[in-house]
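Data block below; observations after.
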Amino acid sequence: MKYRAIGENHLYGKAYAKGKKCVAARVVVYVLRDYRAEALRRADPLKRPINRIGLTVTKKLGGAVVRSRVKRILREGYRAVDRENVIAKGNLIVIVARSGSVTAKSTDIAKDLKYAFRKLGMLSPISRGGSESECKTAK
RNA sequence: CUGACGGAACGCGCGGCCGCGCAGUAUCAUGCCGAAAGGUUUUACUGUGAGGAAAGUCCGGGCUUCACAGGGCAGGAUAACGGAUAACGUCCGCCGACGGCUUCCCCCAAGGGUUGCCGCCCGGGAAAGUGCAACAGAGAUAUACCGCCGUCUUACGAGACGGUAAGGGUGGAAAGGCGAGGUAAGAGCUCACCGGCUCCCCGGGUGACCGGGGAGCCCUGUAAACCCUAUCCGAAGCAACACCGUAUGCAGGUCGGUCUGCCCGGCCUAUACCUGCGGGUGGCGCGGGGAUCUCCCCCGGAGCCGUGGGGUAACUCACGGCAAAGAUAGAUGGUCGCGGGAAAGGGUAACACCUUUUUACAGAACCCGGCUUACAGUUUCGGCAGCAGC
RNA sequence: GGAGAAGUACUCAAGUAGGCCGAAGAGGCGCCCCUGCUAAGGGUGUAGGUCGGGUAACCGGCGCGAGAGUUCGAAUCUCUCCUUCUCCG
């Protein structure tokens with residue numbers, strides 16, 4: 001499943017100001033309804049709804065190598081959650097890395113994201129790939 | 001064998017599963033988004049995918065634009081000499097200063113000369129001019145505090161005037177050093193030797209410079225203070241710029257722009273430019289920006305490697321061969337296993353072996369040549385030091 | 001990605017044609033007055049960081065972002081790094 005990145009700076013500002021927020025151990029997640037989601041859905045040939053993802057990794061966490069690595073791990077974590085669960089679509093999601101994510105593995109990030117999405121009501125009750133017990137441990 | 005130093009090279013490997021960017025082919029499919037320019041989705045296969053520093057942005061270029069005559073002033077950069085190079089503040093060689101070790105000589109010693117090697121130096125000019133040199137010291141570019149000597153006065157305690165840079169003390173620096181003559185006492189005042197500077201002659205070298213001889217002179221330091229001399233320099237930078245598309249209000253000002261500042265001069269333009277306020281995040285735009293695919297042309301780019309010639313070397317010439325990033329909130333990853341290296345612990349006579357930990361610095365963003373800085377570990381070369389053996 | 005600017009006590013900062021500079025001034029701080037007690041206000045004062053020595057008063061070394069260099073001497077001049085901030089389309 002591919003995802004589309006947020007390119008506009010003002011959308012980041014809106015997500016911080018108006019979005020729903022959940023703080024996990026290694027990441028902070030902001031979620032906002034995407035007004036252009038319908039247009040983007042119609043642009044897709046298979047007419048699938050889509051989430052737009054933005055990643056924020058500040059310079060405080062390290063140099064370019066460290067920050068690129070954190071972004072890769074965040075993307076891999078989102079991908080793992082999306083593979084195993086059904087995430088509500090048509091939203092802007094901004095994921096901010098905290099200092100703990102520098103040394104984290106992608107499985108740790110996936111646990112945090114799953115916890116955050118559940119708190120924000122983004123996960124549908126029907127689990128796709130993962131079992132129900134896995135969700136409990138994530139809690 | 002070990003150690004530190006300097007130069008050079010390398011800077012983790014293999015596999016399974018899941019995944020990412022780009023290019024190509026096929027496919028969903030005469031689709032969808034957008035006003036347009038244009039963009040883009042699925043799946044499969046094939047190919048390909050970060051560095052020695054990609055970094056800092058400190059120098060030098062290419063490239064692009066500025067409506068490009070030219071000149072002067074200002075400004076900036078470099079600094080022995082010769083060469084290399086597209087160019088450089090880089091590199092190579094060489095000269096000189098300084099420091100270390102060393103050979104030999106003078107020598108009680110201190111020290112001096114000399115031979116060779118290594119290190120190091122933002123190494124022009126201070127006898128063109130100006131400035132500055134705190135404190136200390138009598139005196140800082142010219143001086144008399146103590147002292148020494150002479151004359152005069154004297155109340156015999158000394159005082160006044162003059163001479164003197166040998167001795168004392170201060171300082172980073174005090175009129176070159178040392179010996180003799182000389183003198184009232186002294187002084188390059190005179191002379192010998194040594195040292196330095198300038199000029200001339202001879203010899204060597206492309207040259208800086210070196211060696212020898214002669215004449216004159218003995219002069220503080222600082223140019224990473226102003227400055228002088230020689231050489232070089234237009235500016236801005238891919239967020240440059242070009243193309244397409246869309247939008248383009250109000251008020252005020254000025255003729256405006258131009259190779260930057262100022263002046264002269266030239267050129268271009270006539271609703272162009274500047275300032276303030278308002279509105280809007282406006283195009284998920286294209287190119288710049290990547291050799292390749294059938295042909296042709298240009299070949300890519302100051303590219304790397306090998307062989308041979310030239311050169312002390314940097315480098316260069318000829319021939320042959322090798323290549324494959326191109327993202328755009330920014331692609332190289334995740335996870336598991338095996339292996340390699342290193343460290344620590346256990347173990348051993350020493351290995352072997354076992355366990356644990358660790359595997360640096362760091363990410364292309366238009367492209368090259370350097371410099372600087374960061375860096376776990378490995379290999380190799382060079383001279384040096386130590387230990388052991390012959 | 002590119003182009004610039006600035007780092008001085010706890011904070012804001014002056015000092016930059018080299019020298020009585022370890023540092024003007026203000027806030028802050030300490031002490032006193034005022035008040036039943038605070039705040040505000042008034043007066044006054046010293047040290048300022050760190051290391052070493054000393055019972056203490058005090059004395060000495062190093063310290064102007066860090067490290068080299070020039071100079072007799074550097075906060076100031078030169079070079080190389082580090083940090084912070086600003087600008088561009």
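Just so it is clear: chains get the letters A, B, ... in the order the sequence lines come, proteins before strands, and each one is counted from 1.
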Where does [N] fall, syn or anti, if syn means a chi angle no more than 90° from 0?
N: G188(B); result: syn
N: G52(B); result: syn
N: G157(B); result: syn
N: A84(B); result: anti

On a whole-Å scale, what distance lies between the [atom1] atoms belonging to [N] and [M]?
N: U348(B); M: C336(B); atom1: P; value: 36 Å
N: U231(B); M: G82(B); atom1: P; value: 14 Å
N: G123(B); M: G89(B); atom1: P; value: 13 Å
N: U90(B); M: A314(B); atom1: C1'; value: 11 Å
N: A385(B); M: C101(B); atom1: C1'; value: 13 Å
N: A240(B); M: U248(B); atom1: C1'; value: 25 Å
N: G212(B); M: C194(B); atom1: P; value: 11 Å
N: G171(B); M: A187(B); atom1: C1'; value: 24 Å

Pairwise distance CZ(Arg67(A)) to CZ(Arg72(A)) - rounded to 0.5 angstrom:
12.0 Å

Any chance you could measure Ile73(A), atom CD1, to Arg75(A), atom CZ, to the nearest 0.5 Å?
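Taking CD1 in Ile73(A) and CZ in Arg75(A), the distance rounds to 11.0 Å.
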
Identity of whatever pairs with [N] - Watson-Crick or G-U, under 3.5 angstrom:
N: A84(B); answer: U90(B)
N: G131(B); answer: U222(B)
N: U2(B); answer: A385(B)
N: C28(B); answer: none
N: G49(B); answer: C20(B)
N: U258(B); answer: G266(B)
N: A47(C); answer: none
N: U246(B); answer: none

Among Val31(A), Val27(A), Ile109(A), which residue satisfies the side-chain contact (heavy atoms from CB on, under 4.5 Å) criterion with Ile95(A)?
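The option that passes is Val27(A).
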
Side chain to side chain, [X] and [Y], heavy atoms closer than 4.5 Å:
X: Phe117(A); Y: Leu113(A); result: yes
X: Val29(A); Y: Lys21(A); result: no
X: Ile93(A); Y: Tyr30(A); result: no

Are Val70(A) and Val65(A) co-members of a hydrophobic cluster defined by side-chain heavy atoms under 4.5 Å apart?
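Shared cluster, no.
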
Just the rounded figure in Å: distance from [atom2] of [N] to [atom1] of [X].
X: Leu74(A); N: G333(B); atom1: CG; atom2: C1'; value: 12 Å
X: Arg79(A); N: U335(B); atom1: CZ; atom2: C1'; value: 13 Å
X: Tyr78(A); N: G19(B); atom1: OH; atom2: P; value: 16 Å
X: Asp108(A); N: U335(B); atom1: CG; atom2: C1'; value: 12 Å
X: Arg67(A); N: G330(B); atom1: CZ; atom2: C1'; value: 12 Å
X: Leu55(A); N: A329(B); atom1: CG; atom2: P; value: 12 Å
X: Lys71(A); N: A329(B); atom1: NZ; atom2: P; value: 10 Å

Side-chain N or O of Arg69(A) less than 4.0 angstrom from OP1 or OP2 on G334(B)?
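True: Arg69(A) side-chain N/O within range (under 4.0 Å) of G334(B) OP1/OP2.
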
Does a nitrogen or oxygen in the side chain of Arg75(A) sit under 4.0 Å from OP1 or OP2 of A331(B)?
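Looking at the OP1 and OP2 atoms of A331(B), one of them is under 4.0 Å from a side-chain N or O of Arg75(A).
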
Which comes earlier along RNA chain B counting from the 5' end, the contact point of Thr107(A) or that of Arg72(A), where each point is its nearest nucleotide?
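Mapping each residue to its closest nucleotide by heavy atoms, the 5'-most match is Arg72(A).
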
